[in-house]
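The structure appears below as structure tokens.
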Amino acid sequence: MRLVTWNVNSIRIRLDNLARLSSEARPDVVCLQETKVDDASFPYDEVRDLGYHHVAVRGQKGYNGVAVLSRQPFEAEHRLDWWGQDDSRHLSVRFPNAFELHVFYVPSGGPTPDPEKNEKFAHKLGFLTEMAQWARNEGIAGRKLAIVGDLNVAPLDNDVWNHQRIKRQVGHTPLECEHMAALKDAGGFTDVGRHFVPAEEFLFTWWGYRHPQSFTKNYGWRLDHVWVTPPLARHLKAHKVESDARTWPRPSDHVPVTVDFQ
DNA sequence: ATGGCTCTAACATAGAGA
């Protein structure tokens, strides 16, 4: 089966791009972040027309929002709150006789990498800390499970285009990278991107809008992740960052990440 | 140090993204 995670930066604006991805990559399951739409206004008919008849959404007006689109049915759906906030940053589903899938949209963290001065950064660190506690307390490492989504941290040196320049910026600070390492350890996770692409090579999933040449100059970051527990890691088959999607008309600043399981 | 650009809400411009 083929799984995709993608921060679409508004599902309603990105429907044509979703249709193109659906046609070209033929994913079985699509996990979305930043849908930016409340559940009543979600474009159910449009995604059903693409073949995704089983849909779980957790959205809100204007901000955040996650969703799972699937060609096959899933059994159960859960929503967890983090940092005491019901703000549409997590949704999970269970595929029968297969695995649990948890979709996350981790807070971006605001501009200043200091939790004393910036409540958004404190929120981000608290969110990542609670994820690690959850992974440990719930025995995640022993379950057949994947966490996917925009984790908003580029954890390794070659997950950004210039480590020395960016290591003081939110999303790539040593403190955030330590929180990611603790989460990875707590769940016994395999970082699927780095399972297939050596840490010596650049690997990016996000190119900002603000620099018009960011994609052509490859000023990228790896913010979007698929992490799997040991029982699921045995089934990994392939991985691809769909970088071409950044050149499509009206692109999201994030591109889809595809993982194949056998 | 700041802004670049894109999206939403809502109707001019401000907030958020990272």
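The chains referred to below are lettered A, B, ... by the order of the sequence lines, with proteins before strands, and numbering in each begins at 1.
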Exercise. Would you give the length of the straight line joining atom NE2 of A:His179 to atom CG of A:Leu128, rounded to the nearest 0.5 angstrom?
Key: 6.5 Å

Quiz item: Separation of A:Gln60 atom CD from B:dA16 atom C1', in whole Å?
Solution: 12 Å

Practice problem: Check whether any side-chain N or O of A:Lys61 sits under 4.0 Å from OP1 or OP2 of B:dA9, and answer yes or no. | Solution: no

Quiz item: Is the number of heavy atoms from other residues, nucleotides or ligands under 6.0 Å of A:Lys240 NZ greater than 12?
Solution: no

Quiz item: Do the side-chain N or O atoms of A:Asn152 get closer than 4.0 angstrom to the phosphate oxygens (OP1, OP2) of B:dA18?
Solution: yes

Practice problem: Verify the contact: side-chain N or O of A:Arg14 to OP1 or OP2 of B:dC7, cut-off strictly under 4.0 Å; return yes or no. | Solution: yes

Practice problem: Please determine if a side-chain N or O atom of A:Lys120 lies less than 4.0 Å away from the OP1 or OP2 oxygen of B:dG17. | Solution: yes

Quiz item: To the nearest angstrom, how far is A:Leu32 atom CG from B:dC7 atom C1'?
Solution: 16 Å

Practice problem: Rounded to the nearest angstrom, tell me the gap between atom CH2 in A:Trp206 and atom C1' in B:dG17. | Solution: 8 Å

Self-check item: CG (A:Asp16) with more than 12 external heavy atoms under 6.0 Å
Solution: no

Quiz item: Roughly, in whole Å, what's the span from CG in A:Asn118 to P in B:dA16?
Solution: 11 Å

Quiz item: Taking the same atom, P, in B:dA10 and in B:dG15, what whole-Å distance lies between them?
Solution: 15 Å

Quiz prompt | side chain to side chain donor-acceptor pair (under 3.5 Å) pairs, two or more places apart, involving residues 97-108 of chain A | solution = A:Glu34-A:Tyr105, A:His90-A:His102, A:Glu100-A:His102, A:Glu100-A:Arg143

Quiz item: When you match A:Val37 and A:Val106 each to their closest nucleotide on DNA chain B, which lands nearer the 5' end?
Solution: A:Val37

Practice problem: Classify the angle between the aromatic ring planes of A:Trp82 and A:Trp134 as parallel (below 30°), tilted (30 to 60°) or perpendicular (above 60°). | Solution: perpendicular

Quiz item: What is the distance, rounded to the nearest whole Å, between atom CD of A:Gln169 and atom P of B:dG3?
Solution: 15 Å

Quiz item: Within the structure shown, what part of the strands sits under 4.0 Å from A:Tyr105 by heavy-atom distance: base, sugar-phosphate, or nothing?
Solution: sugar-phosphate

Quiz item: Which whole number of Å gives the distance between the P atom of B:dT2 and that of B:dT6?
Solution: 22 Å

Practice problem: In whole angstrom, give the distance that lies between atom CZ of A:Arg89 and atom C1' of B:dA18. | Solution: 12 Å

Practice problem: Could you measure between the two P atoms, the one in B:dA18 and the one in B:dT13, and give it in whole Å? | Solution: 26 Å

Practice problem: Ignoring backbone atoms, establish whether A:His254 has a side-chain N or O less than 4.0 Å from OP1 or OP2 of B:dG17. | Solution: no

Practice problem: May I ask you to evaluate whether A:Ser10 reaches the phosphate of B:dT8, defined as a side-chain N or O under 4.0 Å from OP1 or OP2? | Solution: yes

Exercise. Could you pick out which residue, A:His211 or A:Lys124, lies toward the 5' side of DNA chain B when each is mapped onto its nearest nucleotide?
Key: A:His211

Self-check item: Rounded P spacing from B:dA14 to B:dG4 in Å
Solution: 13 Å

Quiz item: Should the pair A:Phe202 and A:Phe204 be assigned to parallel (<30°), tilted (30 to 60°) or perpendicular (>60°) ring geometry?
Solution: tilted

Practice problem: Assign A:Asn64 to base, sugar-phosphate, or nothing according to its heavy-atom contacts below 4.0 angstrom with the strands shown. | Solution: nothing

Practice problem: Considering just the side-chain nitrogens and oxygens of A:Arg12, establish if one lies under 4.0 Å of OP1 or OP2 belonging to B:dA9. | Solution: yes

Practice problem: Write down the distance between CD1 (A:Ile13) and C1' (B:dA9), rounded to a whole number of angstrom. | Solution: 13 Å

Practice problem: Just call it for A:Glu34: base, sugar-phosphate, or nothing, with non-hydrogen atoms closer than 4.0 Å on any strand. | Solution: sugar-phosphate

Quiz item: In whole angstrom, what separates A:Tyr209's OH from B:dT6's P?
Solution: 8 Å

